[in-house]
Each structure stands twice: as structure tokens, then as C-alpha cells.
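All of these numbers come straight from a predicted model, not from anything done at the bench. Residue numbering restarts at 1 for every chain, and letters A, B, ... go by the order of the sequence lines.
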Amino acid sequence: MLKIYNTLTRKTEEFQTLEPNLVKMYVCGVTVYNDAHVGHAMSAIVFDIIRRYLEYRGYKVKHVMNYTDVDDKIINRAKQLNEDPLKLSARYIADYAADLKSLNVLPATSNPQVSTTMPLIIQFIEGLIQKRHAYAASNGDVYFSVTSDDDYGRLSGRKLDDMQAGARIEVDEAKTHPMDFALWKAAKEGEISWDSPWGKGRPGWHIECSAMNLAELGEQIDIHGGGNDLIFPHHENEIAQSECYTGKDFSHYWIHNGMLQLGGEKMSKSLGNIISIKEFLSKRSSDIMRMLVLNGTYRAPLLFNDDTLDAAEKNVERLKSALKPASASASGLATDAFSVLDSTRVTAQTNFTEAMDSDFNTAGAVAALFELVKAINTARDNGATNAQLEPVQKVFRELAGVLGLKLEDKKGSSEDEAQVEALIAERTQARKDKNWKRSDEIRDQLKELGVTIEDSKDGTTWKWG
RNA sequence: GGCGUCGUGGCCAAGUGGUAAGGCAAGGGUCUGCAAAACCCUCAUUCACGGGUUCAAAUCCCGUCGACGCCUCCA
């Protein structure tokens with residue numbers, strides 16, 4: 001039985017879908033105006049793992065991830081670059097999609113955008129006004145009235161009275177209540193805008209997600225996700241809008257990932273302590289980023305530094321060791337040794353599922369993978385044949401795949417590989433001649449080419465990296 | 001100040017009432033010309049601190065201290 005921690009109730013609850021075997025999951029995407037960073041990668045990977053696991057458990061998953069392509073920051077940046085805002089955002093949408101692909105994040109089932117959801121957004125706002133949950137203000141903006149929603153604050157656990165005390169923002173006088181938030185913003189001179197019953201303007205940040213949810217998944221969804229920095233105000237406001245509009249409970253489960261920490265602080269655009277996904281991937285593999293996430297708890301802060309990354313890299317290498325074939329001289333495993341291997345295949349699978357079932361305990365799931373690694377490697381050392389190893393390796397690969405790990409070795413060009421093979425042939429001869437000096441020279445040379453070699457009774461194997 | 005998450009060995013970290021998973025690092029060993037990898041062994045009488053409940057607590061309750069996030073755009 002899968003259990004999920006639900007931010008809404010602050011409890012771990014049994015997972016039950018609205019419709020049998022179907023999961024409707026909406027995850028807040030990014031605002032596209034510059035390069036995405038590894039904090040975004042963490043979030044994307046967390047929900048990719050959740051999606052992959054739900055599918056592994058037999059659910060069909062409708063996974064929606066939006067792109068915010070209409071926004072103040074996009075407009076400002078477009079102005080700086082003297083570029084059309086929608087062209088700018090289109091560029092970064094393509095860019096982010098490419099980042100996700102290189103991180104081995106499965107594409108969402110759909111990726112709605114604000115700019116193409118405009119009629120529904122306007123219809124949504126009109127509905128809220130009709131139901132007296134929103135009002136058109138004197139300045140041309142439309143605001144959501146927080147006092148019209150009795151439940152306002154239930155996700156973040158805040159009370160309107162508490163919030164006013166700490167509010168430092170200058171309150172727009174057009175608002176009835178200081179916490180009222182914009183559903184529609186009147187266009188300033190020269191800004192990109194859309195026609196609406198309230199004049200030219202564009203949507204506020206929160207309404208887009210309510211509208212896109214409705215368009216893509218309907219009035220009620222199973223899972224709504226995002227970073228925990230979105231709990232307030234974004235998700236709080238989304239709930240308010242959607243539930244006031246439909247009169248129904250919006251999302252059953254709310255899942256929030258913790259923040260990636262760089263030097264003890266959250267990595268964020270406004271703090272400027274950013275490492276972009278591209279920058280990361282130029283130095284380390286996507287598996288390393290993913291392993292970093294897997295080693296931690298998705299809800300907790302994730303430490304991103306050389307130590308944690310080095311450990312993640314070692315973990316990935318260790319996992320890969322299980323995929324090596326039997327040694328050439330393998331003579332087969334004795335019956336009792338084989339039954340040990342085979343029973344580990346079963347128990348590891350069970351442990352994996354139990355870990356993932358308890359609120360996506362990926363660290364526990366990885367531990368189950370390491371059980372398999374040890375069993376496979378021990379079996380290989382004891383002479384297991386490929387026929388004996390492969391069924392276990394197949395399970396291992398499948399489970400690693402559920403976590404989205406590729407476990408691929410780096411590849412070089414065929415010319416480079418030919419060169420490496422030639423050097424290794426020469427070294428093999430040198431070793432036969434017991435010319436250790438030459439043999440070690442070649443090893444050093446290969447190392448400089450980025451090749452690691454391993455000698456065994458059956459010959460020399462090598463890999464990039 | 002308010003809301004929330006959390007504090008487990010040198011590091012990352014699992015574990016929510018029955019006596020501390022896993023990985024990294026470290027030390028010893030097997031194998032090897034050496035190295036690397038793999039394998040074997042060692043590595044927390046103890047879970048921020050102080051009280052309490054219980055036959056029994058890292059796990060429940062109260063308090064203290066500390067960290068992080070949110071309260072303003074943010075994954």
C-alpha cells in the first residue's frame with residue numbers, strides 16, 4: 001500500500017485515486033526567462049521518480065507540467081534584450097525541455113502554457129467575479145477576495161490575521177483586503193497584453209495554474225506538486241481559486257519537495273547562487289545529479305556540494321559494477337550459492353517496493369539496489385555464469401530504471417576507441433614480456449585520455465571516465 | 001514575531017514503541033607484477049539537550065537550544 005505525505009493534512013496517508021488506476025498529477029513548472037538551475041533539476045527529478053514509480057505500480061499517469069510564459073520577469077528580460085516576450089519564452093521552453101531530456105526526466109503528458117490558455121483564464125476569472133469571490137478594482141486589476149473564502153490559509157496553516165502582522169509589502173489601495181491577490185493585471189504602456197472584459201491586461205501568476213488544471217485534468221486531481229517554496233502564496237491561492245470556482249475539493253494530495261542547498265542556503269535566482277543544469281552536466285553525469293536526489297529525502301533540504309556529489313558519483317559507479325558480465329573463466333555457481341543469489345533477487349525487489357511505498361523513500365530503495373549489487377558481484381566472484389547472473393541483473397536494471405538511473409558508461413568516438421584498443425593491445429604484450437615499466441607508462445597515457453583500465457585473469461577491460 | 005519541516009557515527013542518510021538499514025570516507029585482509037575494481041572483516045551500548053509516559057523510546061508527550069524553508073518573485 002503506497003503512502004504519501006500530504007502537505008494539506010500534514011500526515012502520511014494511504015494513496016487512493018479518484019478514478020481506478022489513473023493518476024492525475026499536476027506539477028508546477030518554471031517561469032521561462034533564463035537558464036534553469038540544479039534546484040529546478042531536483043524538483044523535476046523528484047516528480048519524475050514519483051511518476052515512474054506510480055507507473056511501475058501499474059497506474060496510468062496523466063502528468064501535466066506547465067510553463068509560465070507570461071510574467072513580469074519575462075517582460076523585463078525581453079525588454080532588456082529587445083526581444084518579443086513570447087519569442088523569448090519559447091526559446092527557454094525549448095531549452096528547458098532539452099535540459100529535462102538530458103536529465104533523463106520523462107516528458108510530461110502535456111505542457112500547457114499561459115499564453116495559449118487565455119480564453120479559459122478569462123472565463124475562470126469571470127466565474128469568480130460572478131460568485132463574488134473576486135472583484136474588478138478601480139485601477140483596472142481584478143483581485144481575488146481572500147475573505148470570501150472561509151478555508152483560505154488551510155494549506156500553509158496561516159491565518160489572515162497573522163499574515164497581516166508580518167506583511168511588509170506596500171498594499172495597493174485598490175485592494176479591499178491587503179492579502180487579496182491579482183487575478184488579472186491591467187497592462188502598462190507598451191506591454192504585451194490580451195483583451196478582456198476588464199480591458200487590456202494579463203493574468204496574475206496563480207490563476208494560470210487553476211485554469212490549466214481545469215483544462216488538462218478537470219475539476220479534481222489526485223496529486224499537485226512543486227517546490228515547498230510554492231506552498232505560500234502560490235498553492236494556497238490556487239486552492240482558493242479552484243475550490244471557489246468549482247465548489248469541489250481541488251487536489252487530494254499535495255506533494256512538495258525540499259530546497260536544494262548551496263553553501264547552507266537555498267539556491268535561487270534572487271539570491272544569485274546559481275549553478276545551471278547545463279553547467280552541472282558539463283562536469284558530471286545526469287545519473288550523479290539523480291543519485292544525489294535519491295540519496296536524500298525528497299521533502300528535506302538537499303545538500304549540494306563537492307562532498308555529497310563525490311559520494312553520489314561513487315554510488316553510481318558501484319551500481320554500475322553490478323552490470324558487468326560474468327568472468328570469461330566462469331564455471332558456474334553451485335546450487336546453494338545460486339539460491340542465495342536468487343533469493344536476494346526476490347527480497348531486494350520486495351524491499352525496494354516497501355521503501356518506495358513509504359512516501360517514496362528513495363534512500364531505502366537505493367539500499368535495496370545495493371543488496372543486489374553485493375549479491376551479483378559476490379556471485380560473479382564465485383564463478384557465476386551469465387545465464388545465472390542475467391535474471392538478477394535484469395531485475396536490477398528494471399528497478400534502477402524506476403528511479404530513472406541510466407547506468408550507462410560514457411562513450412567516445414570510434415576513432416578514439418580504436419586508439420585505446422591499440423594501446424591496450426600493446427600493453428598486454430608488454431605485460432606478457434613482464435615489461436612493467438612500459439605497461440605502466442601506457443596505463444598513465446590512457447588515464448590522460450580519460451580511460452580507466454582494470455586487469456583480471458581474463459584480460460584487461462577499460463572504460464571512459 | 002507567525003506558520004512549517006527537521007536535528008541519528010568523520011560525511012550523506014534509513015528507521016515512528018521492542019532494542020540503530022545502506023552508501024561514502026577510514027583501517028586490516030584476499031586477488032594482482034603494481035594499480036584499479038570486486039569480495040571478506042572492523043568502524044554509533046547510541047540517536048541535539050533536559051524532563052515525563054511506558055515493562056520497553058531514536059521513535060510518544062512537555063520544555064530548551066539549533067538548522068532550514070515560507071510569511072515578497074522563487075522548484
Side-chain angles (χ1 to χ4, degrees), chain A residues 5 7 10 12 27-31 36-47 68 71-73 153 155-159 161-170 179 205 225-234 236 256-261 264-271 291-292 294-297 299-303 305 307-315 317-322 324 327 351 355 358 361-371 373-374 376-382 431 434-437 439-440 443-444 447 452-457 460-463:
Chain A
Y5 180 85
T7 309
R10 292 186 202 94
T12 303
V27 181
C28 284
V30 293
T31 302
H37 59 70
V38 287
H40 298 119
M42 175 199 180
S43 189
I45 288 169
V46 163
F47 288 99
T68 299
D71 167 89
D72 281 345
K73 289 187 290 278
L155 178 69
S156 57
R158 290 154 209 261
K159 296 185 183 75
D161 295 343
D162 294 342
M163 285 188 280
Q164 284 181 76
R168 268 177 285 154
I169 32 165
E170 49 178 289
M179 294 306 293
W205 176 33
N228 67 13
D229 53 350
L230 296 181
I231 294 172
F232 191 90
H234 186 55
E236 191 70 72
H256 292 98
N257 64 274
M259 294 292 103
L260 187 139
Q261 303 285 123
E265 275 183 319
K266 165 186 167 185
M267 177 177 293
S268 85
K269 292 174 184 175
S270 47
L271 288 172
M291 183 54 80
L292 184 76
L294 290 167
N295 267 337
T297 310
R299 293 197 280 128
L302 180 66
L303 301 178
N305 58 48
D307 290 343
T308 56
L309 285 167
D310 285 348
E313 181 161 10
K314 291 278 179 54
N315 283 324
E317 289 308 312
R318 180 159 168 75
L319 289 180
K320 282 185 193 168
S321 74
K324 290 177 190 163
S327 61
N351 293 343
S358 58
N361 175 0
T362 52
V366 170
L369 249 38
F370 281 120
E371 286 175 47
V373 171
K374 183 171 272 190
I376 290 168
N377 287 339
T378 300
R380 187 192 302 101
D381 278 6
N382 291 334
R431 293 182 71 220
K434 297 200 188 298
N435 184 350
W436 309 127
K437 183 166 174 285
S439 160
D440 291 348
R443 182 163 60 200
D444 291 343
K447 194 171 182 183
T452 307
I453 58 171
E454 291 174 16
D455 296 328
S456 77
K457 283 180 206 140
T460 301
T461 57
W462 67 276
K463 62 177 183 181

From the set B:rG22, B:rC71, B:rU5, return the single nucleotide nearest to any side-chain atom of A:R299. B:rU5

With a 3.5 angstrom cut-off on both distances, give the Watson-Crick or G-U wobble partner of B:rC60, or none if there isn't one. B:rG52

Which heavy-atom pair separates A:K266 from A:M259 by the least distance, and what is that distance? CE-SD, 3.8 Å

Across all chains, not counting sequence neighbours, the side chain to side chain contact (heavy atoms under 4.5 Å, CB included) partners of A:E317 are A:K320, A:K463

Is there a side-chain contact between A:S456 and A:T461 (heavy atoms, below 4.5 Å)? no

Need the pair for B:rG10. Rule: Watson-Crick or G-U wobble, both distances under 3.5 Å, any strand; none if unpaired. B:rC24

Identify the nucleotide, in any strand shown, that forms a Watson-Crick or G-U wobble pair with B:rG4, with both distances under 3.5 Å; if there is none, say none. B:rC68

Does A:G29 reach a base, just sugar-phosphate, or nothing at all? Heavy atoms under 4.0 Å. sugar-phosphate

What's the gap between B:rU30 and B:rA36 when it is taken at their P atoms, as a whole Å value? 15 Å

Considering every strand and a 4.0 Å limit on heavy-atom distances, what is the contact class for A:S268: base, sugar-phosphate, or nothing? base

So A:G226, base contact, sugar-phosphate only, or nothing? Heavy-atom distance under 4.0 Å. sugar-phosphate

Do A:V366 and A:M291 make a side-chain contact, defined as non-hydrogen atoms from C-beta onward lying under 4.5 Å apart? yes

Quick one: does any side-chain atom of A:T308 pair with a main-chain N or O of A:N305 as donor and acceptor, under 3.5 Å? yes

For nucleotides 67-69 of chain B, give me every protein contact, N/O to N/O, under 3.5 Å, one pair per line with atom names.
residue : atom : partner : partner atom : Å
B:rG69  : OP1  : A:K266  : N            : 3.1
B:rG69  : O2'  : A:N228  : OD1          : 3.3

With both distances kept under 3.5 Å, what pairs with B:rC34, Watson-Crick or G-U wobble? none

Residues in side chain to side chain contact (heavy atoms under 4.5 Å, CB included) contact with A:V27, at least two apart in sequence or another chain: A:M25, A:F47, A:H63

Rounded to the nearest 0.5 Å, the CZ atom of A:R318 sits from the CG atom of A:N377 at a distance of 6.5 Å

Whole-Å distance, A:M291 CE to B:rC12 C1', equals 12 Å

If the P atom of B:rU59 is compared with that of B:rG51, how far apart are they to the nearest Å? 14 Å

Could you tell me how far apart A:I231 (CD1) and B:rC71 (P) are, to the nearest whole angstrom? 11 Å

If you only use heavy atoms from C-beta on, which nucleotide in B:rA38, B:rA75, B:rU5 is closest to the side chain of A:V30? B:rA75

Report which part of the nucleic acid A:H37 touches: base, sugar-phosphate, or nothing (heavy-atom distance under 4.0 Å, all strands). base

When the nearest nucleotide of RNA chain B is assigned to A:G39 and to A:R10 on a heavy-atom basis, which residue is associated with the more 5' position? A:R10

How would you list, by chain and number, every residue that makes a side chain to side chain donor-acceptor pair (under 3.5 Å) with A:T362, sequence neighbours excluded? none

Provide, to the nearest angstrom, the distance between the CE atom belonging to A:M267 and the P atom belonging to B:rA75. 13 Å

Just to confirm, is there a sub-4.0 Å distance from OP1 or OP2 of B:rG15 to any side-chain nitrogen or oxygen of A:N361? yes

Check: A:L155 main-chain N/O paired with A:E236 side-chain donor or acceptor under 3.5 Å: yes

Distance in angstrom units between A:D381 CG and B:rC40 P, rounded: 8 Å

Is there a side-chain contact between A:H234 and A:C28 in this structure, where contact means two heavy atoms from C-beta onward sitting under 4.5 Å apart? yes

OP1 or OP2 of B:rA75 less than 4.0 angstrom from a side-chain nitrogen or oxygen of A:N257, does that happen here? no

Under a 3.5 Å limit for both distances, which nucleotide forms a Watson-Crick or G-U wobble pair with B:rU19, could you say? none

Mind checking the P distance from B:rC24 to B:rG63? Whole angstroms is fine. 41 Å

Filtered N/O pairs between nucleotides 17-19 of chain B and protein, under 3.5 Å:
none

Do A:N228 and A:R299 come within less than 4.5 Å of each other through their side chains, counting heavy atoms only? no

What integer number of Å spans the C1' atoms of B:rG4 and B:rU54? 30 Å

Looking only at atom C1', what distance separates B:rG15 and B:rG22, rounded to whole Å? 11 Å

Separation of A:D229 CG from A:S43 OG (nearest 0.5 Å): 8.5 Å

Roughly how many Å apart are B:rG1 and B:rC61, using the C1' atom of each and rounding to a whole number? 26 Å

I'd like the C1' distance from B:rU72 over to B:rA13, given in whole Å. 34 Å

Return the value, rounded to whole Å, for the distance between atom NE2 of A:H40 and atom P of B:rA75. 4 Å

Watson-Crick/G-U partner (both atom distances under 3.5 Å) of B:rU45: none

For B:rA57 versus B:rG17, give the span between their C1' atoms, rounded off to a whole number of Å. 6 Å

Nearest whole angstrom, please: distance from the P of B:rC40 to the NZ of A:K374. 5 Å

Would you mind reporting whether A:L260 and A:H37 have side-chain heavy atoms less than 4.5 Å apart? no

Rounded to whole angstroms, how far apart are CG on A:L230 and P on B:rU72? 14 Å

Choose from B:rC12, B:rG22, B:rA38 the nucleotide whose nearest atom is closest to any side-chain atom of A:T308. B:rC12

Shortest non-hydrogen contact from A:D71 to A:K73? OD2-N, 2.6 Å

Take the protein atom CG of A:L260 and the nucleotide atom P of B:rA75, then report the distance between them rounded to whole Å. 13 Å

Pick the nucleotide of RNA chain B nearest each of A:G296 and A:V38; which residue has the one closer to the 5' end? A:G296

Thinking salt bridges, do A:R443 and A:D440 make one under a 4.0 Å N-O criterion? yes

Can you give one letter per nucleotide of nucleotides 32-37 of chain B, going 5' to 3': B for a protein heavy atom under 4.0 Å from the base, S for sugar-phosphate only, - for none? -BBBBS

